[in-house]
2 protein chains.
Amino acid sequence: MTVIFSKKCELALQAVLYLSVFDEETYFTATDISKRLKIPKEFLSKILQSLAVHSIVVSKKGKSGGFTLGRPLSEIRLIDIVIAMDGLDIFHKCVLGFKGCTVEKPCPVHEKWGKLRDLTYRMLSEDTLLEIREKSIDKIKSIHSINESASVFAHTYSSRSYN
Amino acid sequence: MTVIFSKKCELALQAVLYLSVFDEETYFTATDISKRLKIPKEFLSKILQSLAVHSIVVSKKGKSGGFTLGRPLSEIRLIDIVIAMDGLDIFHKCVLGFKGCTVEKPCPVHEKWGKLRDLTYRMLSEDTLLEIREKSIDKIKSIHSINESASVFAHTYSSRSYN
DNA sequence: TTAATATAGGATTTATATATCTGTTAATAA
DNA sequence: TTATTAACAGATATATAAATCCTATATTAA
């Protein structure tokens, strides 16, 4: 096993990127999103609940309810989702698993790995959902065109502006 | 959960780094190593067996048996251990978990992450155990001085040259 | 040759993450 | 006001990794 983010985190990122493609204030149900992204609905529900706790998304119960982003695109970064789902462990723990890995007692790759870790953190922090939106649109489109007919996709999009 | 390498891989790296500190051809039992590194013996045994399959270590059964490195320090790199234990998945799978993440259908962080991934691979590949040996010695020393008395440590080292 | 030792290999147990199920609560369209 | 919808919350089930256990086999010191 070699994981970087947990499954929860991956799916959270996917769901948030999905929402970022559409208008703010447009609510999508967990069922909706799970179908689009082809991921288990029940599991996604839990994940969206966690994201709601961190106010990365907001939820609305009942008819015409669902989830939408909790803040403007320009105020959400990938690192926010990662921290919400997996915490900051990945940026603190020794990559070799040594217990007392510090500046005083560094592991053999301490310094090099530190730089890499900083780069990772920066990469997840520097852009907001707004800056990567074009890429997100392309990706969500491509998933659609793989999973379902292009017409269904077109319909969905025509009912929700995305530019 | 946020893992980069599996526990197996972490412990494998630790064990190999441990062996790299001592003379070639010096055999350490799994029990020995597990005590030094404070890691479960049975688990470590399995790990060492896997490493033996990949000839990163060689084993000797019976009295005065144990494990030692299977090649000169200058011919073992951290990436060898990582590949042996966890494979190359980490360098291939989409970090966001998207199924069809390719150059044609890239995820929103495809390019940036690719660079990071390459850097990681390079970092694990560029040095051999020989080049990082001084650092390994320091680290193993520090574990020792934490876990056991300095005298025990001194004894162990005096009976095995490490320079 | 024998007793002691240490790896080898399979089976089993434990822990954790992932996934599902069930009933409840809140919201809203009709 | 009511039926319907969808999130919410807790319990349960499944999958996988991590850790342990047990027996067999090989090696060697005595």
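We name chains A, B, ... by the order of the sequence lines, and we start the count at 1 in each one.
In terms of the salt bridge (charged side-chain N to carboxylate O under 4.0 Å, His left out) criterion, B:Glu75 has no residue partners (sequence neighbours excluded). Remark: B:Arg122 pairs with no residue by the salt bridge (charged side-chain N to carboxylate O under 4.0 Å, His left out) rule, at least two apart or across chains. With sequence neighbours left out, the salt bridge (charged side-chain N to carboxylate O under 4.0 Å, His left out) criterion links B:Glu126 to A:Lys112. Looking at residues two or more places apart in sequence or on another chain, you find a salt bridge (charged side-chain N to carboxylate O under 4.0 Å, His left out) between A:Asp80 and A:Arg71.
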Tabulate protein N/O versus nucleotide N/O from nucleotides 15-18 of chain C, keeping only pairs under 3.5 Å, one per line.
unit_1	atom_1	unit_2	atom_2	d
C:dT18	OP1	A:Lys7	N	3.0

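Rounded to the nearest 0.5 angstrom, B:Phe43 CZ and B:Ser34 OG are separated by 12.5 Å. Once rounded to the nearest 0.5 Å, the distance linking CG of B:Leu78 with OG1 of B:Thr128 reads 9.0 Å.
Note: CG (B:Asp89) to P (D:dT16) measures 14 Å, nearest angstrom. Taking atom NZ of A:Lys38 as the reference point, atom P of C:dA19 lies 16 Å away to the nearest angstrom.
Taking every heavy atom of both residues into account, B:Phe67 and B:Leu19 meet most closely at O-CD2, 3.8 Å.
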Counting primed atoms plus P, OP1 and OP2 as sugar-phosphate and everything else as base, spell out the protein contacts along nucleotides 1-9 of chain C at 4.0 Å heavy-atom distance: B, S or - for each nucleotide, 5' to 3'. ---SBBBBB

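A tilted orientation is assigned to the rings of B:Trp113 and A:Phe5, their planes being inclined by 30° to 60°.
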